[in-house]
**Q** 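So that we are looking at the same thing, I have put the structure below in structure tokens.
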Amino acid sequence: MAKQQPKQPVQQQKKKEANISSADSGAFTYLWRNAAIIAVLGVLFLVIFKVNEGPGKMQDLYAEYGQLRQSNGSQQRMNEIADEFKVLQADTGFLKESLRKYTRGYYWAIHDMAGKSVEQIKEIEAKIESGQMKPLTREDKLAYKVGVYPLIKYLNENTPKDAVILLPPGDSLLSNTSKWNFVYDPEWMEYFIYPRLCLATGRESEHGDLAKRITHVLIVQGRGYDKLKYDVPVDQRPSEAVMPIDHPPVPNQTKP
Amino acid sequence: MLTVGIILCYLLGLSLLLAVGRKYTLAEVVGYSFILGMGLETFFLFFLDVIGVQYSQGVLIALNVFFIVAICGANYKNLVTLKDDYKKPDLSLKNINFVAVFLFCLIAYLFYAITVKNLFWPPTEHDTIGSFDKLGRIMASEGKLKISLFQYNLEGAGGLYPPLYHGSFAYVYIFGAEMPKIITTLFFVSLLTTFYSALRNFVGSSGAMLATFILMLTPELFSHAALSLGNLPTTACISAGALATITWLHKRDTKYFWLGAIGMALVIWIRSDTIVFTAAALLLVGIDFLKTKDWKKTIIYGAIALAPFIIWNLYLKLKIGAAQAGKFDLGIGYNSERMGVVSAYVKSFLFGGQHGAVDGGQLFGLVFVLFFLLVLVNLVSIYKLGAKEILTGSMNTLLFFFVSFALYFAVFYFINEKVQNAPISSLMESSFKRGMFFFVPLAVFYIAASPASAWAFGKLENFRTAK
């Protein structure tokens, strides 16, 4: 017993060291196994990204080509794009196409929806910070996204809050072009012009009470003058305007 | 003031959450607090309209404070012992799941990116301009639910929808928001956190995080996290209600019973046609009743889940003066042409095919294909894991998915094109497409928690932890 006593701390020390070394190797094993799974996931994500990069790039090239063609841009660049497009188009194969079928949406979500949007917003914010652009208000952003917003703004500036507006008819002349958005749709227009009210041309009989209260007519593409109760000389008819239904507008009305 | 409004909403939800249960994970607290809180806020807006009190910040703050104090007061005994339930997390190296941390970082980055986009641009989608955002803005300015535009039929299609979605817009406008899109972001957070927490009851955090990543990145769903349409918030409610119900039936933890019932109630407080999900939930609870004979819980669940539907339809009939009738044409019976059109679209959505303007692979990626693959894998693995394990382990999820899907299919099969003022192909390419979101969490839940996948994730976890 007496002889063994001094050995005990040594044994304990060795045990501790063994535990520490086993814990170290355990931690190392734990780390590399976690890293291995992360690496496998990373490679998988990378493969999906790379497989879809070509078709994604094709869209960008297509857009650039269209822009160059419209603006009569550099013919050399257009040829380069055409060549690159051919190379990307030829990059097919059963496996690649099968993978693309189910994964191109993910590429679009990450690359276009998330990545490009953040890039675009950061560019705008950088321009604002450097003073190249004034800070954007909600109205500026609406004008950027909604093509017909300047006309709507003009309408709001030139009509009283209790006005009732007759909208242009929603036929193919307006509804088949994105320029006018949904200017003929009263439910859509009401969002922008509230508390003013509006009514669709051709649906006056559905809302007789509102039809009787029409105060203004929204003229788009020169149409709607026939709804006015007075005559406007043909050479004085702007293609876009908001006109009082009963009497000619006051001279200080702004232009759209 | 907007921050105050959102904090009050979370606190209100949290007080209700703690009243129906005690122990919650952080993900559950974040996810359910908002959904329950906003559900209650819109009930407040509804009842204020019914009793003729105009909305204002003061009225809402007073109501919130009163109910938070009242709920916490009634739950005082539980709350004082709460701190004993929470232990400090052990942050030693071997307790950190690096795979889950890696996936969490990817989710966090993508969430940041889509949120930057969402909060930068104002709402411009046709349906929100023509309806939801318009309703929310004008509700806040006129101080009532039945806004003046109802008089001229200018409220838009969403005017007949129950008020959870546009009511939440009104709520943030009342508290001074310039744009309502913070609501999309908060519902998106709730969708991800409630989904992750429900899945954690069945699989480890690596598997749950991977499934949450797949759910989040479902292309069409992800794009809606930057829009202000009602489909993503509806998906959040359906996911929370359905998965809590499935968890309750499996784990028998009472808090999930209440979360399931309230969640399913909110499902029809946001859209009426989602009653197909409430019907599926009631079927599951009904089957469970046959086993347990617990009539009390069955009745309570049914009453809570169906109450909003009855309340809203009464409101439509008595106050708005509009009933949701004539939407369906049951007289068509079996029409092979209609069946062909609807089936062709459904096939392209579910199996990644192309039909008309629909490209299923682009819209929903791998989700539904993996779902059906896992159904097959589970059937095959009956040999390895046993029929009982396979059938009891995931039957509720499958039943919920297929029953609600069959009913949803029937809704579109019988829809009246004339009343909708659109051909069936157009309805399938827009409304049905967006409605497919509702099934994504259920499908991904099954992909990750089915017996075969739970077995595979278990193996992966053993490898990861070197066991």
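Naming convention: chains lettered A, B, ... in sequence-line order (proteins, then strands); numbering from 1 in each chain.
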**Q** Could you note down all residue pairs passing side-chain hydrogen bond (donor to acceptor under 3.5 Å, both in side chains) where residues 129-141 of chain B supplies at least one of them, sequence neighbours left out?
**A**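 Every pair satisfying side-chain hydrogen bond (donor to acceptor under 3.5 Å, both in side chains) with a residue in residues 129-141 of chain B: A/Tyr191-B/Asp133, B/Asp133-B/Tyr173, B/Arg137-B/Tyr173.
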
**Q** Mind checking the CD-CG spacing from A/Glu187 to B/Asp127? Nearest 0.5 Å is all I need.
**A**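 A/Glu187 atom CD to B/Asp127 atom CG measures 10.0 Å (nearest 0.5 Å).
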
**Q** Pick from B/Gly156, B/Pro219, B/Gly130: which one has the most heavy-atom pairs with chain A under 4.5 Å?
**A**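 Of the candidates given, the most pairs with chain A belong to B/Pro219.
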
**Q** With sequence neighbours left out, what residues match A/Asp140 under side chain to side chain contact (heavy atoms under 4.5 Å, CB included)?
**A**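 For A/Asp140 the side chain to side chain contact (heavy atoms under 4.5 Å, CB included) partners, ignoring immediate neighbours, are A/Lys134, A/Leu136, A/Thr137.
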
**Q** So for B/Ile96, is it side chain, backbone, both, or neither that comes closer than 4.5 Å to the heavy atoms of chain A?
**A**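 B/Ile96 touches chain A through backbone heavy atoms alone.
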
**Q** Quick check on B/Phe98 against chain A: is it the side chain, the backbone, both or neither that has a heavy atom closer than 4.5 Å?
**A**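 Backbone plus side chain of B/Phe98, per the 4.5 Å heavy-atom cut-off to chain A.
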
**Q** In residues 119-131 of chain A, which residues are in contact with chain B at a heavy-atom separation under 4.5 Å?
**A**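 Residues A/Gln120, A/Ile121, A/Lys122, A/Ile124, A/Glu125 are the ones that qualify, each having a heavy atom under 4.5 Å from chain B.
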
**Q** To the nearest 0.5 Å, what is the distance between CG on B/Leu149 and OH on A/Tyr194?
**A**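 That separation rounds to 6.5 Å.
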
**Q** Who passes ring pair (Phe, Tyr, Trp, His ring centres under 6.0 Å) against B/His224, sequence neighbours left out?
**A**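 Applying ring pair (Phe, Tyr, Trp, His ring centres under 6.0 Å) to B/His224 gives B/Phe437.
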
**Q** Select, from B/Asp359, B/Thr115, B/Thr218, B/Leu210, the one with the greatest count of heavy-atom pairs under 4.5 Å involving chain A.
**A**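 Most heavy-atom pairs under 4.5 Å with chain A: B/Asp359.
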
**Q** Mind checking whether A/Glu190 and B/Tyr152 have side chains closer than 4.5 Å, heavy atoms only?
**A**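 Counting from C-beta outward, A/Glu190 and B/Tyr152 never come under 4.5 Å.
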
**Q** Report the option among A/Asp209, A/Thr103, A/Ile110 that has the most heavy-atom pairs separated by less than 4.5 Å from atoms of chain B.
**A**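 Maximum pair count with chain B is reached by A/Ile110.
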
**Q** Given a strict heavy-atom distance threshold of 4.5 Å, which part of B/Val99 is in contact with chain A: side chain, backbone, both, or neither?
**A**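 Both parts, backbone and side chain.
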
**Q** Report the distance from atom CG of A/Asn181 to atom CD1 of B/Ile129, rounding to the nearest 0.5 Å.
**A**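 Rounded to the nearest 0.5 Å, the CG-CD1 separation comes out at 9.5 Å.
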
**Q** Could you give the distance from CG (B/Asn462) to CZ (A/Arg33), rounded to the nearest 0.5 Å?
**A**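 The CZ atom of A/Arg33 is 9.5 Å from CG of B/Asn462, to the nearest 0.5 Å.
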
**Q** Quiz question: by atom type and distance under 3.5 Å, do the side chains of B/Gln362 and A/Tyr102 form a donor-acceptor pair?
**A**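 Side chains of B/Gln362 and A/Tyr102: no pair found under 3.5 Å.
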
**Q** Looking only at heavy atoms and a cut-off of under 4.5 Å, which of B/Thr124, B/Ile138, B/Ile114 has the most pairs with chain A?
**A**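 The answer is B/Ile138.
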
**Q** If we define contacts as heavy-atom pairs under 4.5 Å, which of A/Leu31, A/Asp112, A/Val146 has the most with chain B?
**A**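 Winner by heavy-atom pair count: A/Leu31.
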
**Q** Given the options B/Tyr109, B/Phe120, B/Phe222, B/Phe102, which has more heavy-atom pairs under 4.5 Å with chain A than any of the others?
**A**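 Maximum pair count with chain A is reached by B/Phe120.
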
**Q** If you count every heavy atom of other residues, nucleotides or ligands that lies below 6.0 Å from A/Gln67 atom CD, does the total exceed 12?
**A**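 At most 12 heavy atoms, drawn from other residues, nucleotides or ligands, come within 6.0 Å of this atom.
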
**Q** Relative to chain B, which of A/Trp108, A/Trp32, A/Phe192 shows the most heavy atom pairs under 4.5 Å?
**A**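 The candidate making the most pairs under 4.5 Å is A/Trp108.
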
**Q** Can you name the closest pair of heavy atoms from A/Pro186 and B/Leu154 and give their distance?
**A**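 Residues A/Pro186 and B/Leu154, closest heavy atoms: CB-CD2, 3.6 Å.
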
**Q** Within the structure provided, determine whether B/Val101 and A/Asn34 are in side-chain contact (heavy-atom separation under 4.5 Å).
**A**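 B/Val101 vs A/Asn34: side chains apart.
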
**Q** Can you tell me how far apart CZ (A/Arg138) and CD (B/Glu178) are? Round to the nearest 0.5 Å.
**A**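 The CD atom of B/Glu178 is 6.5 Å from CZ of A/Arg138, to the nearest 0.5 Å.
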
**Q** Looking at chain A, which one of B/Val116, B/Thr465, B/Leu460, B/Leu217 has the largest number of heavy-atom pairs inside 4.5 Å, strictly under?
**A**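 Option with the top pair count is B/Leu217.
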
**Q** Answer yes or no: is there a side-chain heavy-atom contact under 4.5 Å between B/Phe463 and A/Ile37?
**A**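 B/Phe463 reaches A/Ile37 side chain to side chain.
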
**Q** Can you tell me how far CG of A/Leu197 sits from OG of B/Ser148, rounded to the nearest 0.5 angstrom?
**A**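 The CG atom of A/Leu197 is 7.0 Å from OG of B/Ser148, to the nearest 0.5 Å.
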
**Q** With no hydrogens and no angle check, do the side chains of A/Asp185 and B/His126 hold a donor and an acceptor under 3.5 Å apart?
**A**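 A donor-acceptor contact under 3.5 Å links the two side chains.
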
**Q** For A/Leu44, does the CG atom sit with more than 12 other heavy atoms under 6.0 Å from it, leaving out its own atoms?
**A**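 More than 12 within 6.0 Å, yes.
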
**Q** With heavy-atom distances below 4.5 Å as the criterion, would you say the side chains of A/Val118 and B/Lys117 are in contact?
**A**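 No, too far: nothing below the 4.5 Å cut-off.
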
**Q** Non-hydrogen atoms of chain A under 4.5 Å away: do they reach the side chain of B/Asn153, the backbone, both or neither?
**A**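 Answer is both: backbone and side chain atoms of B/Asn153 are under 4.5 Å from chain A.
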
**Q** Within a 6.0 Å radius of atom NZ on A/Lys153, are there more than 12 heavy atoms belonging to other residues, nucleotides or ligands?
**A**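 Counting other residues, nucleotides and ligands, NZ of A/Lys153 stays at 12 neighbours or fewer.
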
**Q** Which region of B/Val367, side chain (C-beta onward) or backbone (N, CA, C, O), has a non-hydrogen atom less than 4.5 Å from a non-hydrogen atom of chain A, or is it both or neither?
**A**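 Contact with chain A is through both the backbone and side chain of B/Val367.
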
**Q** With a 4.5 angstrom heavy-atom cut-off, could you sort out which part of B/Leu135 is near chain A: side chain, backbone, both or neither?
**A**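 It is neither, since no heavy atom gets under 4.5 Å.
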
**Q** Any sub-3.5 Å donor-acceptor pair from A/Lys145's side-chain atoms to B/Trp121's backbone N or O?
**A**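 Side chain of A/Lys145 to backbone of B/Trp121, a donor-acceptor pair under 3.5 Å: no, none is there.
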
**Q** Is B/Phe364 in contact with chain A via its backbone, its side chain, both, or neither, using a 4.5 Å heavy-atom distance?
**A**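 Looking at B/Phe364, just its backbone touches chain A.
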
**Q** Give, as side chain, backbone, both or neither, the part of B/Ala157 having an atom under 4.5 angstrom from any heavy atom of chain A.
**A**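 B/Ala157 touches chain A through backbone heavy atoms alone.
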
**Q** Would you say B/Phe372 has more than 12 foreign heavy atoms packed within less than 6.0 Å of its CZ?
**A**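 Check passes, neighbour count above 12.
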
**Q** Where does A/Leu142 contact chain B at under 4.5 Å (heavy atoms): side chain, backbone, both or neither?
**A**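 Both backbone and side chain of A/Leu142 come within 4.5 Å of chain B.
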
**Q** Side chain from CB out, backbone as N, CA, C, O: work out which of these in B/Phe213 comes under 4.5 Å of a heavy atom of chain A, or both, or neither.
**A**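 Side chain of B/Phe213 only, per the 4.5 Å heavy-atom cut-off to chain A.
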
